Amino acid sequence: MTKTQPVIEVQHVCKTYFMEGGNSQSVLKDINFSVNSGEFVAIMGPSGSGKSTLMNILGCLDKPTSGTYILNGQDVSTKDDIALAKIRGQTIGFVFQNFNLMMKRTIADNVSLPLVYQNINERTRYKRAIEMLNRVNLKGYQSRLPSQISGGMQQRVAIARALINNPAIIFADEPTGNLDSKTSDEIMELFTTLNKQGITIVLVTHEDDVADYATRMIKISDGHKVYDGLRKEYSKEKDKPC
Amino acid sequence: MLKAILKEAWISITAYKLRTFLTMLGIMIGVAAVVMMVSAGQAVQTYITKSFESIGSNLIVIGPAEIVSGGVRGGRGLPSVTVADITALKELKDVEATSFIMPAAVQAVYGSSNYGVSVRGTNPEFIVINNWEIEDGIMFTEKDVKAAKPYIVIGQTVVDELFGLQNPLGKTMRLKGKPFTVIGTLKEKGDGLMGDDQDNVILMPWTTVRQRLEGSERPQYTNIAFVKAVSEDKMERVSKRVEYMLRTRHRLKEGVKNDFTIRLMTEMVEKVRSVGFILSALLAVIASISLIVGSIGIMNMMLVSVTERTREIGTRKALGAPNNWIMLQFLAESILISFIGSFIGMIFGVIFSQIGGYILNYEVPISIWSVIVSVTVAVVVGIISGLMPALKAMRLNPIDALRYQ
Ligand SMILES: Nc1ncnc2c1ncn2[C@@H]1O[C@H](COP(=O)(O)OP(=O)(O)OP(=O)(O)O)[C@@H](O)[C@H]1O
Ligand SMILES: [Mg+2]
């Protein structure tokens, strides 16, 4: 497998929400792009433009209304719920804006949660959790509760959890949305390190500073892709006086 | 996988200790109530059975005819069976013994004490037929009956009330002002089926009752009479012969109803036993209502829990939890709660029914049934009350669940 092998191929993806009362809203309109293994992509766009909707489809939490989504060479738009759950558990890591940790469970329990669904025994799960905590610089925190650590640390716990299955890709929807700028930088540096280790990263953000960590940027506006290219190029374009 | 599900379920329910405990309490109370009620019912049944066993089951009881007016039973008619009838029955085939009661209620006086007792005029066979035993002294004989001797055999209550620590044998006591000599005492029997004191009794020759207590103008009728068959399997035939003989002696024409009733002890035992069974079943049904309330409690808690943990469910699904895993976890939570609750409830039920039995002086059997029933109930209740919330959790759309605030 070469480095240019696409892990994500999005072809003519449309998403329409059908609401009660017969109303419908077309949120994604004919989106096309592909992401190669090892890329670091930031998805940007105004609020309500459909970024989260796109991320949910990419993360196999939702299916496109039409179009094809190929992940790791498999067409996932045709798979059933069981197969999708398996893909989510084995090849994808998720990082959420509000961390979504189980507040009554220890950090180690939180980190190892995805392994529970892979039928991996408790000892191995614990061992792997410790390894992942080391990877996100949270050595020694395994027995604490999420409420006993800071927000930035909680997000690093969430990243450790996303890493535990050795995923090919990590999806993060506004991972720094609840953090201050200093902590955001720490988290983004962690993502950069992970990306250098070969993990493909796709994240959604509002903030230019955060997007600057990415190499590539996709901009969505009103359900259409309006920019797709190097992040540096986009910044230059924007800086150009009109 | 099952182990992992149970573990997750266990951690989840122990995370909210008070809430889980209170929910469990409902099931605990329900199961304890069922176990206690079933035990109470069984205690009554055992007690009834034992009481009959002590009398002996190959007994035929003859009483006055039932008065039936307009199809409704209206109590008992006047006694119609005489001592002579009963004595004659003794000659029938397969009859071991016959006896009867000619009652009189009087005040017994000894020294300065007096006490209301139930006097039974009868024949010497009475104690044999009823499986009563003599504690001290002797029973009066057929000769004493013929001579209408003022001999009495007294029960333990009479002994206690009138003689205290004195030996009553050979003492003279007064009934209706006339003297009687105590020739024997009866072994203690305890309370009867209706809670009556079976030891508050004085036995004497029936002839003596007529001559000394009631006056000889009293007819020779008996209120209740007993025929003991030689064995239980001869009962049916003996009762036929008894009926035939009594009808002949009473000169009843064909088509005329019996002026007496014949009951087999075996039938009576069955009847009372089935009443006891219905009683226990009824008690169990009533107690089950509290079990239903407990089960609603579990369902309620689980529904709240699913709503409260919507985001957690969404996260779990995003991280690879299959839908059936989520469903089984919630189901396991409700089954664990109801299982543990039932188990504790069962233990308390058994303990309380034993304590209750001890206080009321009843023998309460510990039945394997209450264990089986409560465990089954626990699992069934757990599944029924947990299924709806578990399905709700399973059907949650992960996206909506993750957006849930
Ligand atoms: N489950 C849904 N049902 C109906 N409409 C939805 C649903 N999810 C999103 N939408 C609508 O789709 C549009 C795009 O939503 P989406 O969450 O993808 O936007 P976004 O780009 O992530 O915005 P933000 O930056 O605010 O997170 C919005 O108008 C939203 O109201
Ligand atoms: Mg969004």
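Proteins get letters first, then strands, A, B, ... in listed order; numbering begins at 1 in each. Bear in mind that the values here come from a model prediction, so they are computed numbers and not experimental data.
Ranked by heavy-atom pairs under 4.5 Å with chain A, the first of B:Gly314, B:Pro398, B:Ala321 is B:Ala321.
For A:Asn121, no part sits under 4.5 Å from any heavy atom of chain B, backbone or side chain. Heavy atoms of A:Leu61 lying under 4.5 Å from chain B belong to its backbone as well as its side chain. Proximity to chain B (any heavy atom under 4.5 Å) is shown, for A:Asp62, by both the backbone and the side chain. Contact annotation for B:Arg309: neither backbone nor side-chain heavy atoms come within less than 4.5 Å of a heavy atom of chain A. Residue B:Lys3 does not touch chain A at all, counting heavy-atom pairs closer than 4.5 Å. For A:Asn100, the parts lying under 4.5 angstrom from a heavy atom of chain B are both the backbone and the side chain.
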Subject >> From CA spacing to verdict: side-chain hydrogen bond (donor to acceptor under 3.5 Å, both in side chains), A:Lys63, A:Thr78 >> reply: CA-CA 9 Å; A:Lys63 288 184 191 180; A:Thr78 57; over 6 Å; no
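Closest approach of B:Ala390 to B:Leu331, counting heavy atoms only: CB-N, 3.9 Å.
Using a 4.0 Å cut-off between charged nitrogen and carboxylate oxygen, A:Glu122 and A:Lys127 do not count as a salt-bridge pair. Using a cutoff of 4.0 Å between basic side-chain nitrogens and carboxylate oxygens, A:Lys225 and A:Asp30 are not scored as salt-bridged. Electrostatic pairing of B:Glu312 and A:Arg105 does not count as a salt bridge here, judged by no charged N lying under 4.0 Å from a carboxylate O.
Residue-environment remark: NZ (A:Lys29) exceeds the threshold of 12 foreign heavy atoms within 6.0 Å.
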